[in-house]
Amino acid sequence: MINKIWPSVDAALADVFDGATVLFGGFGGAGEATELMAGLLRQGASGLTGVSNSIGKGDSGLAALIRSGRLAKMICSFPLIKGGEAFQEQYRAGRIALETTPQGTLAERLRAGGAGIEAFYTPTGVGTEMAEGKELRSFNGVPCLLEQAIRGDFALVRAHKADRWGNLVYRKTGRNFNPVMAMAARVTIAEVDDIVELGALDPEVIVTPGIFVQRVVRRGGAH
Amino acid sequence: MINKIWPSVDAALADVFDGATVLFGGFGGAGEATELMAGLLRQGASGLTGVSNSIGKGDSGLAALIRSGRLAKMICSFPLIKGGEAFQEQYRAGRIALETTPQGTLAERLRAGGAGIEAFYTPTGVGTEMAEGKELRSFNGVPCLLEQAIRGDFALVRAHKADRWGNLVYRKTGRNFNPVMAMAARVTIAEVDDIVELGALDPEVIVTPGIFVQRVVRRGGAH
Amino acid sequence: MAALTKEQIARRIARDLQDGQYVNLGFGIPTEISNHLPPDREIVIHVENGALGLGPTPAAGQEDPELVNAGEQFVTLLPGASLFHHADSFAMTRGHHVDVAVLGAMQVSERGDLANWKIRGNDLGGIGGAMDIALGAKSLYVAMLHTTPKGECKIVRTLSYPVTALGCVKRIYSDLAVIDVTAAGLLLRELAPGQSIEAVQRLTEPELRVAADLRVIDI
Amino acid sequence: MAALTKEQIARRIARDLQDGQYVNLGFGIPTEISNHLPPDREIVIHVENGALGLGPTPAAGQEDPELVNAGEQFVTLLPGASLFHHADSFAMTRGHHVDVAVLGAMQVSERGDLANWKIRGNDLGGIGGAMDIALGAKSLYVAMLHTTPKGECKIVRTLSYPVTALGCVKRIYSDLAVIDVTAAGLLLRELAPGQSIEAVQRLTEPELRVAADLRVIDI
């Protein structure tokens, strides 16, 4: 019997290893796996490469991980945001590397990683700083940059409901990066509001099929 | 007020021009826009490039268009199927060109066209006939072929329900190529079982947002 | 000689949005546009974080933390709205499905190059979705104050700020004027009430051509 | 000396599918496997035309023309099933999310190269999803009769039929044997009842190594 429901956040995160690449879902406070991020802080893995739209705010979640020196590198589209001092301090102290990538390119690179597409040509970023060191090539008269897939060892995603097969649905703009990150990681761990019976989710409305999800934890459950 | 509902198949197809590229949704009889295909036969445009998973069966739909000599070229993954004599006759008589592309590559090329991605590298087809004339390049040790986006002037898609903004939901495996074809065409015409009030489709379950759909016709309506 | 307020700029832009258009609104003045949409038109607002069909700002107490726009402000959905993930959302912009995007700017060049993401000389900058949106919208409008707080020209011959996208801006709406970017250079189409061609030209680095039907912005 | 029937091949393969695996089944013998899945395991069947979690063939009169598999046969969905479009479906295969694919074959080489889509010398062939699936599955199994109807070897040193994918086959299940493709060549693991190593070798072009624990297929 397939049962991807894990009893606790800590159990689900136990095998995150030093140097792993971790994908963090969420945008603007919506769709963030806050309990998994807090769990990762307890868990202690370091030297991580983080992939996320931004670098976290204040002193919880991704910002807390960064402040604790657990990330060696960030790949993101918003390294400079209000409340993002944790990252800025680490960055200016030379303790964290940064790869800035346009938001749409970030989403597409993750989807490519999940879909087995190794690289693609996009017009975004041509003529900008983002083009530095990247191949420039035109197709049908459209100049494009070559961008490569991103894959994660782990993805920490937030969803609304899950079943024991790992099927996920989201809530409103909490969806954001979560579905493409779920595709792109070897181990996707989903933090969800509710766990429902198998069959309770209409096959037509499942956004992330369980094939992309390895572990599910319920919010508000045991650490 | 946005109203993408068109009164008839013939009106919705009136501007299909000679030489247009037309994307035909459907797989194995599911999700085929049969009334739009019959309408295109009446409409008379010729020299078309068709994009579809197969080349149609028997003597209706795509097969009827091909038998009538209206397609100059097909891009598909199944040019040889039981019941596909219409295509085979035209092909062997040198009256239709063929580009065979693996099914997953076909879906991805259409999605790329819709997403503004001009080209991508995929491992599919390396070492096969499909590699002929295509650039071969390795990423992270994975040999890949360069494949280019496909875009259509028109897409004839089949869906289950639509609203006047053109939002679509599908039924079961009738979904298949329809959502990526809707993305990839300049004018997407959707043939639907039902038209519902705006707001009747839950925003969470809409598969094809209306931005990808220009015209909607109801099945069983006027020609 | 008063320049337009930011709200008046937003109102002016709103009038140019057409029934049925899909529109992406950036941070700052552009966000304000959604409060001034013509009531007789259906304009579908796209946010890159994954929704089409935004409605008005929610009433106090009605905010949903999982329903925000790209500026992290609470929003609502209209009937007909749809939700989707980031890759699909940027397929809409990059794939030229969005009709109009309105973005803020630090600088715009006479060729329509846009700079709006990073201060000159800064090591960090938040690019977000600006590059994808600037390049992908069928028409890109810029909404901005005509000069910096120090009075420096923001409409320039060549960008000195880091580029967002090249040759993308179609029209500039400032507090002083409405200016089209054309193949023949910048075309002054409208002036704020009380402004003169000469006054606007003094605050604009490239030479302005003047439209035959130059008008005063109706506010 | 009876070889296995196609149904027996399908049964034998079904026994190797593990609880929780995502499995794609090609045309022919592979399709038959779904009728022999171990009842104590949950195995999630993927079809490339857009569903996960296929159930048994529908009862007569219960067929839904919009619910078919890749072979255009009517299917059903189990609780837990999901539906998706073609690009997402092939993301599952190309992106190495599908654990096992079972495909038919015209030829398999000793290096695990697969030919299964086009007759030698034919101008037309239906490739469909075979290339994507062969290359993307974590483990690719082949289900086939050991020889052609004319008695020609289908397991060969080098493919003479058009290639589907190179180096992709992990295991071959035929009516005569179960053979692993290993870095050191083909390894004979199981024989059909009444078959001998020598008899199978005679019908197999490359040299077979024989597993230390060679067994008879339990049917």
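Any value given below was found using the heavy atoms of this structure, including those in side chains, with hydrogens, waters and symmetry copies removed. Below, chain A is the first sequence line, B the second, and so on; all start at residue 1.
- Each of B:Arg171, B:Lys172, B:Arg175 was checked for a salt bridge (charged side-chain N to carboxylate O under 4.0 Å, His left out) with A:Glu204, and the lone residue meeting it is B:Arg175.
- Rounding to the nearest 0.5 Å places CD1 of B:Ile117 at 10.5 Å from CD1 of A:Ile117.
- There is no contact between A:Ile206 and chain B, counting heavy-atom distances below 4.5 Å.
- Residue with the most contacts toward chain B among A:Tyr170, A:Phe120, A:Tyr121: A:Tyr121 (heavy-atom pairs, distance under 4.5 Å).
- Counting only heavy atoms from C-beta outward, the side chains of A:Leu146 and B:Phe139 approach each other to under 4.5 Å.
- Here the shortest heavy-atom pairing between A:Gly116 and B:Pro123 reads O-CD, 3.3 Å.
- Residue contact with chain B, scored on non-hydrogen atoms closer than 4.5 Å, is absent for A:Glu147.
- Around atom NZ of B:Lys4, more than 12 heavy atoms belonging to other residues, nucleotides or ligands sit under 6.0 Å away.
- Contact annotation for A:Asp202: neither backbone nor side-chain heavy atoms come within less than 4.5 Å of a heavy atom of chain B.
- Annotation: maximal heavy-atom pairing with chain B below 4.5 Å, among A:Val207, A:Val142, A:Thr122, occurs at A:Val142.
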